[in-house]
There are 2 protein chains.
Amino acid sequence: MSRIVNGDPTLRVRPETRASVEAAIDMLNYTPHPSARALRNARTGLLGFALNDVNDPIYAEMVERAQVEAAQQNFSLILLNTAELAQRGEAFREIVLGRRVDGLLIQSGLGSWEDAVQEIARAVPSVVFGADSLPGTRTMRLDDARAAQIATRHLIDAGHTSIAYVGAPGTSSERRFSAYRAALVDAGLPWLPAIDGGWTADESHEATVRFLGSGAQVTAIVAVTTTAALGAHSGIVAAGRRIPDDVALVSINDAWFARHLNPPLTAVWLPLGDLGALAVHEVIEQITEPRDGETVLTEPAPRLVVRGSTKTLATGRKDDDPGGQASDR
Amino acid sequence: MSRIVNGDPTLRVRPETRASVEAAIDMLNYTPHPSARALRNARTGLLGFALNDVNDPIYAEMVERAQVEAAQQNFSLILLNTAELAQRGEAFREIVLGRRVDGLLIQSGLGSWEDAVQEIARAVPSVVFGADSLPGTRTMRLDDARAAQIATRHLIDAGHTSIAYVGAPGTSSERRFSAYRAALVDAGLPWLPAIDGGWTADESHEATVRFLGSGAQVTAIVAVTTTAALGAHSGIVAAGRRIPDDVALVSINDAWFARHLNPPLTAVWLPLGDLGALAVHEVIEQITEPRDGETVLTEPAPRLVVRGSTKTLATGRKDDDPGGQASDR
DNA sequence: CTGAAAGCGCTTACAG
DNA sequence: CTGAAAGCGCTTACAG
């Protein structure tokens, strides 16, 4: 009976038996009780998604695709706070030690809780995002270097010679910074130390205002992510400079609001949604066979979307663009 | 033993017994098995949050506070798709009929799935957001009328006499529209039919461009929510008008990005986070004693935050502002 | 006050 | 091929 419900492929049963069982299921609108199933199978059908800040639209995109992918594989996504988990409080005991979830997706590489995240990832089947490769851990990230390179090259190609980078804490930002620097070095141009912004628009706003207020003479900025770019955008305006005439701006990541800024934000799109879906797929595989290793999601490739926050300088050289290029509105 | 773990208050036990049990719990790092508990108690400790669009930053704020509140009461939040649920597919059968969650938070009033939401809300202890009062259902919403009134009055007080409303499908927007219209009628000014935008920035952008392109001579716009205001913002710019000189703009809701627009967006803040937390509290109560009725969260009150997208017209009257008033940056 | 036993609804190994 | 029985880990009513 149970084997009919669950579609056991090794089962052979008379068609009439199967039919009568299926009729009963339909008539009673029978659904297996999830708790009983979970107890018996030692599987909850739950995946945890641990985030630092649900409000970041970049995460929202990942979460949405992750949720859809999970639902397709009959898993539900439960929302967790990285901070709560990392502080080994009630939540840690219940979720991680208590095995409330079958697997965990954890954001890392943001400069907080890195050690705790690693420990948790070893206790439960997990995929860690954004972090550098870690022995014993399954990590997954985007092609940060390529994206930062495309952003920086776009500015170089537009004729800029003095380009800054607005960053944030953690290894994700550091990888992007290195590629920014490398692109400038390659072009024989000077690079500047990263401006210490943050992962929120407010922090990057303050950092940008301070940086420009100190008399810095850059003509272009690369921002670590779209929220930071938004803060840089308002910061440039607050500092009394014009975009793109005085200071051009490119965002790594292309969140949905980029096109609605004034002027619209030139950005390098990265496949965040795909990363979320792929991570769910991976963590479900890990439940049955644990595996470590690093995946850098290079496809679909980062893609430059040119909008109004950058333009070719009158005096600038005009080369081909290195990345795929697109433009909207 | 079990009663010690769960802190049964009626239990009287020798202190030494209690101590030795607690020592054992600590030593073994014992956590009750959630699935077994769920099976025995017919409670999963799970609350579902059904959303149409996780990407809307307005929801993100609610979800975040709801998650924190749920965690404090030892519940986890699982993320659900309203569309999937409403279409009575696999998810409906599993989550609603299968009682995978103890309670449900559902967004409604957005013009889709209203009937299905109502049906689901009757099958599972639920709190429905944004909807009008429904018999047999626990509904909860913000003070839409007051917020729209404050927004509209702000523009009237600044001297505007031709004010439009950019709306979206559903009853939430209709309530705001009614208050917009009432405020204008009160002031003896003409009102216009709602401009049919949508809940996304892209839709409202298109609607605004079309509206302004048709030669409409309004000098100010009230937008149903911050995402719509963002679309209106970029739409006004795309139509070649200046903000606030040609067209002023006020948003109902004050999402985090409002202050970073250029010019920054004047907005009426509403307690969305509080609504999320309160809803979790309510739905947990409903699990033990079902109740219907409507709650309109009027406190904390809507609050006008004046930024650069509005200004007092040179020729305009200058009255006091009707709502609490604040301004930042 | 304390310990043993029953049962929540499922799945799977086993006997018929 | 089919049906009955055991057991997942808890909680609670019950016997001692």
Side-chain angles (χ1 to χ4, degrees), chain A residues 1-46 73-76 78 90-91 93-103 123-125 284 287-288, chain B residues 1-46 73-76 90-103 123-125 284 287-288:
Chain A
M1 205 313 282
S2 170
R3 280 167 294 177
I4 294 176
V5 177
N6 296 304
D8 184 336
T10 70
L11 176 72
R12 284 203 316 209
V13 74
R14 261 177 305 163
E16 61 215 68
T17 309
R18 181 185 298 275
S20 81
V21 169
E22 279 170 352
I25 290 169
D26 271 9
M27 208 178 59
L28 300 171
N29 227 313
Y30 170 81
T31 316
H33 189 108
S35 302
R37 220 172 195 178
L39 177 58
R40 172 63 237 228
N41 294 343
R43 290 281 153 78
T44 60
L46 255 31
Q73 306 207 35
N74 282 312
F75 279 82
S76 295
I78 94 175
E90 188 100 7
R93 189 180 193 127
E94 248 193 74
I95 309 284
V96 180
L97 301 181
R99 314 212 106 252
R100 204 190 200 320
V101 295
D102 294 335
V124 178
I284 291 172
I287 295 168
T288 49
Chain B
M1 199 320 277
S2 170
R3 280 168 294 179
I4 295 177
V5 176
N6 296 306
D8 184 337
T10 70
L11 176 72
R12 283 201 320 210
V13 73
R14 263 176 304 165
E16 62 216 70
T17 309
R18 181 186 297 274
S20 81
V21 169
E22 280 170 351
I25 290 169
D26 272 9
M27 206 178 59
L28 299 172
N29 227 314
Y30 170 81
T31 316
H33 189 108
S35 302
R37 221 174 194 176
L39 176 59
R40 171 65 235 224
N41 295 342
R43 290 283 152 79
T44 59
L46 255 30
Q73 306 207 36
N74 282 312
F75 279 82
S76 295
E90 187 100 6
F92 177 83
R93 189 179 192 127
E94 247 193 74
I95 308 286
V96 179
L97 301 181
R99 313 210 108 255
R100 206 196 199 315
V101 297
D102 295 335
V124 178
I284 291 173
I287 295 168
T288 49

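- Contact of the B:Ser35 side chain with the A:Thr44 side chain is registered, since non-hydrogen atoms from C-beta on lie closer than 4.5 Å.
- Side-chain N/O atoms of B:Tyr30 include one lying less than 4.0 angstrom from OP1 or OP2 on D:dC10.
- With rounding to whole Å, B:His33 atom NE2 is found 12 Å from D:dT11 atom P.
- When the nucleotides D:dG9, C:dC10, D:dT12 are ranked by their closest atom to the side chain of A:Leu39, D:dG9 comes out on top.
- The CZ atom of B:Arg99 lies 9.0 Å from the CZ atom of B:Arg43; values are rounded to the nearest 0.5 Å.
- Under the 4.5 Å side-chain criterion, counting only non-hydrogen atoms from C-beta, A:Arg100 is not in contact with B:Thr31.
- Residues B:Ser76 and A:Ile95 have side chains in contact (heavy-atom distance under 4.5 Å, counting atoms from C-beta outward).
- The separation between A:Leu97 atom CG and D:dG9 atom C1' is 17 Å, rounded to whole Å.
- The side chain of A:Arg37 contributes an N or O atom lying less than 4.0 Å from OP1 or OP2 of C:dT11.
- Atom CG in A:Asn41 sits roughly 6 Å away from atom P in C:dT11 (whole-Å rounding).
- Exactly one of B:Thr288, B:Ile287, B:Ile284 qualifies for a side-chain contact (heavy atoms from CB on, under 4.5 Å) with B:Asp102. That residue is B:Ile287.
- At whole-Å resolution of the value, CZ in A:Arg40 and P in D:dG9 are 10 Å apart.
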- Message: For Watson-Crick and G-U wobble pairs within 3.5 Å on both distances, what is DNA chain D written in dot-bracket notation, | included for inter-strand pairing?
- Response: |||.||||||||.|||
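- Within the 3.5 Å criterion, the main-chain N or O of B:Tyr30 finds a donor-acceptor partner in the side chain of A:Arg93.
- The distance between atom CZ of B:Arg43 and atom C1' of D:dC10, rounded to the nearest whole Å, is 15 Å.
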